[in-house]
Amino acid sequence: MVDAESFVEEAVAEIREEVGDAHAVIGLSGGVDSSVAAELAYRALGENLTAVYVDTGLMRKGETEEVRETFSHMSSLRIVEAEDRFFDALEGVVDPEEKREIIGREFIREFEREAKEADADYLVQGTIYPDRIESEGGIKSHHNVGGLPDVVDFEGIVEPVRDLYKDEVREVARELGLESVVAERMPFPGPGLAVRVVGEVTKEKVAVARDACHVVEEELEEYDPWQALAAVVGKGTGVKGDNRVHGWIVAVRSVESRDGMTARAQELDWETLQRIQSRITGANENVARVVYDVTHKPPATIEYE
Ligand code: XMP
């Protein structure tokens, strides 16, 4: 296990030596890895570090506010409100892979613009040891490692946590006073809530998925799932008062897994399922029904797209 205190000291000194008086940029995702890398780089470079967080409009409930709060001490934090640009680019697109491509492309565009504006020579990344192994072995096809340096011409790439495992990064985060990002959060896909709405990505569907995901994460905490989520999967008929209405169908999914490659649907008790159902339908009158997904992976995937 890493000695967090001396790690911080050494990492800060190393970044200072590598970057010198130049300017660096980092993409913040709200996750623990990029948060730790950003804090280390900030301690080394101060104002010469620009931290960029792109609000795609596809993030978890409260995520942007959390980032703003956690890094409020960084004067050069840039929160890019790009929601409308992402939704415009996704308009009418229903193919899952095309959605992923558009989101990746838009993200790079936003980040590139910020990096140029900041006149950054160096890119800081929160790559950790398992990321490197996985990308070298080609295991995770949709991993983001290595995506950014190709498009922006940087003088150098700095990866301060490249030799650490996840639990070590968490320890360093505590040492840095970043308690708020340390919590064991479930994996969240890069394209965010876009893969939790089947078909076209609209603000209405994403808002339903966001609120429902929040309910599911809260209600299923005690089951300690590897991943629990909710997705908007289509429309169906329901009744409101004396009227038949055409509302959203929300699917709830909770799985156990070791690495996401295979997964087992979790067995939940009826009361928990009913509580989830009533919270989701109660919060949004346009949700007509809630279903629970009992499919393992394979044959299903974990996300809906
Ligand atoms: P699937 O749905 O393929 O998901 O069974 C396996 C794991 O990968 C995550 N996932 C993604 N992560 N970009 C990501 O960074 C993606 O496009 C993507 N698609 C799925 C998913 O949340 C699960 O943890």
- Item | Results of salt bridge (charged side-chain N to carboxylate O under 4.0 Å, His left out) for E14 - residues two or more places apart only |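 So E14 forms a salt bridge (charged side-chain N to carboxylate O under 4.0 Å, His left out) with R162.
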
- Message: Suppose we screen for salt bridge (charged side-chain N to carboxylate O under 4.0 Å, His left out). Which residues come up paired with E114, at least two apart in sequence or across chains?
- Response: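 Expected list: R78.
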
Using a cut-off of 6.0 Å, state whether more than 12 heavy atoms not belonging to [X] lie near its atom [atom1].
X: E218; atom1: CD; answer: yes
X: E179; atom1: CD; answer: yes
X: E221; atom1: CD; answer: no
X: Y165; atom1: OH; answer: no

Would you name the heavy atoms of [X] and [Y] that are closest together and state the gap between them?
X: A263; Y: S257; result: CB-CB, 4.0 Å
X: D211; Y: K61; result: OD1-NZ, 2.9 Å
X: V54; Y: A82; result: CG1-CB, 4.0 Å
X: D33; Y: G126; result: CB-O, 3.2 Å

Would you give the length of the straight line joining atom [atom1] of [X] to atom [atom2] of [Y], rounded to the nearest 0.5 angstrom?
X: I103; Y: I108; atom1: CD1; atom2: CD1; value: 12.5 Å
X: T50; Y: D119; atom1: OG1; atom2: CG; value: 9.5 Å
X: E155; Y: L123; atom1: CD; atom2: CG; value: 12.5 Å
X: R43; Y: M74; atom1: CZ; atom2: CE; value: 9.0 Å
X: S76; Y: L45; atom1: OG; atom2: CG; value: 9.5 Å
X: D163; Y: T127; atom1: CG; atom2: OG1; value: 11.0 Å

Indicate yes or no: at least one non-hydrogen side-chain atom of [X] is less than 4.5 angstrom from one of [Y].
X: M186; Y: P225; value: yes
X: I79; Y: E81; value: yes
X: V158; Y: I26; value: no
X: L58; Y: P191; value: no
X: L40; Y: V161; value: yes
X: D293; Y: V252; value: no
X: V245; Y: N286; value: no
X: E217; Y: L220; value: no

Does this structure show an ion pair linking [X] with [Y], if we count only N-O contacts that are shorter than 4.0 Å?
X: R196; Y: E305; answer: no
X: R100; Y: E106; answer: no
X: E66; Y: R185; answer: yes
X: K203; Y: D84; answer: yes

Checking side-chain polar atoms at under 3.5 Å, does [X] have a donor or acceptor matched by the opposite partner on [Y]?
X: Q274; Y: Q277; value: yes
X: Q266; Y: W226; value: no
X: T56; Y: E83; value: no

- Query: Under the side-chain contact (heavy atoms from CB on, under 4.5 Å) criterion, do L49 and V25 qualify, and how do the steps go?
  - Reply: CA-CA 6 Å; L49 175 79; V25 66; 5.9 Å; no

Any donor and acceptor pair, going by atom type alone, linking the side chain of [X] with main-chain N or O of [Y] inside 3.5 Å?
X: H296; Y: A265; value: yes
X: D131; Y: I128; value: yes
X: S180; Y: T70; value: no
X: H23; Y: N48; value: yes
X: K297; Y: R264; value: no
X: E39; Y: A173; value: no
X: R253; Y: T295; value: yes
X: K99; Y: V201; value: no
X: S35; Y: V181; value: no
X: K205; Y: V198; value: yes

Check whether [X] and [Y] end up in the same hydrophobic cluster, where Ile, Leu, Val, Met, Phe, Trp and Tyr are linked by side-chain heavy atoms less than 4.5 Å apart.
X: V52; Y: I15; answer: no
X: V182; Y: V36; answer: no
X: V216; Y: M59; answer: no
X: V169; Y: Y129; answer: no
X: Y304; Y: I276; answer: no

- Query: Looking at F188, is R60 sitting on its ring face, NZ or CZ under 6.0 Å from the six-membered ring centre and within 45 degrees of the normal?
  - Reply: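 Geometry flag: set, cation within 6.0 Å and 45°.
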
- Item | Step-by-step side-chain contact (heavy atoms from CB on, under 4.5 Å) determination, N284 to V250 | CA-CA 11 Å; N284 190 323; V250 171; over 6 Å; no

Let me have the donor-acceptor pairs involving side chains of residues 86-95, under 3.5 Å, with sequence neighbours excluded, atom names and distances please.
from: D95; atom 1: OD2; to: E97; atom 2: N; distance (Å): 3.3
from: D95; atom 1: OD2; to: E98; atom 2: N; distance (Å): 2.9

- Y122/F154 aromatic ring centres below 6.0 Å: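 Centroid distance Y122-F154: not below 6.0 Å, so no.
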
- Message: Would L178 and F71 count as a side-chain contact (heavy atoms from CB on, under 4.5 Å) here? Give the steps.
- Response: CA-CA 9 Å; L178 293 173; F71 296 102; 4.2 Å; yes

- Message: Applying ring-ring contact (aromatic ring centres under 6.0 Å, His included), can you list everything that pairs with Y53, at least two apart in sequence or on another chain?
- Response: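 Expected list: none.
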
- Item | Any residue meeting ring-ring contact (aromatic ring centres under 6.0 Å, His included) with H246, in chain and number order, not counting sequence neighbours |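 Testing H246 for ring-ring contact (aromatic ring centres under 6.0 Å, His included), a comparison that skips the adjacent residues, returns none.
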
- Item | Intermediate values then yes/no, side-chain contact (heavy atoms from CB on, under 4.5 Å), E204 and W248 | CA-CA 10 Å; E204 187 192 354; W248 298 113; 3.0 Å; yes

Atom pairs and distances, side-chain donor-acceptor, residues 227-240, under 3.5 Å, sequence neighbours left out:
from: Q227; atom 1: NE2; to: P187; atom 2: O; distance (Å): 2.9
from: Q227; atom 1: NE2; to: E303; atom 2: OE2; distance (Å): 3.2
from: K240; atom 1: NZ; to: E285; atom 2: O; distance (Å): 2.3

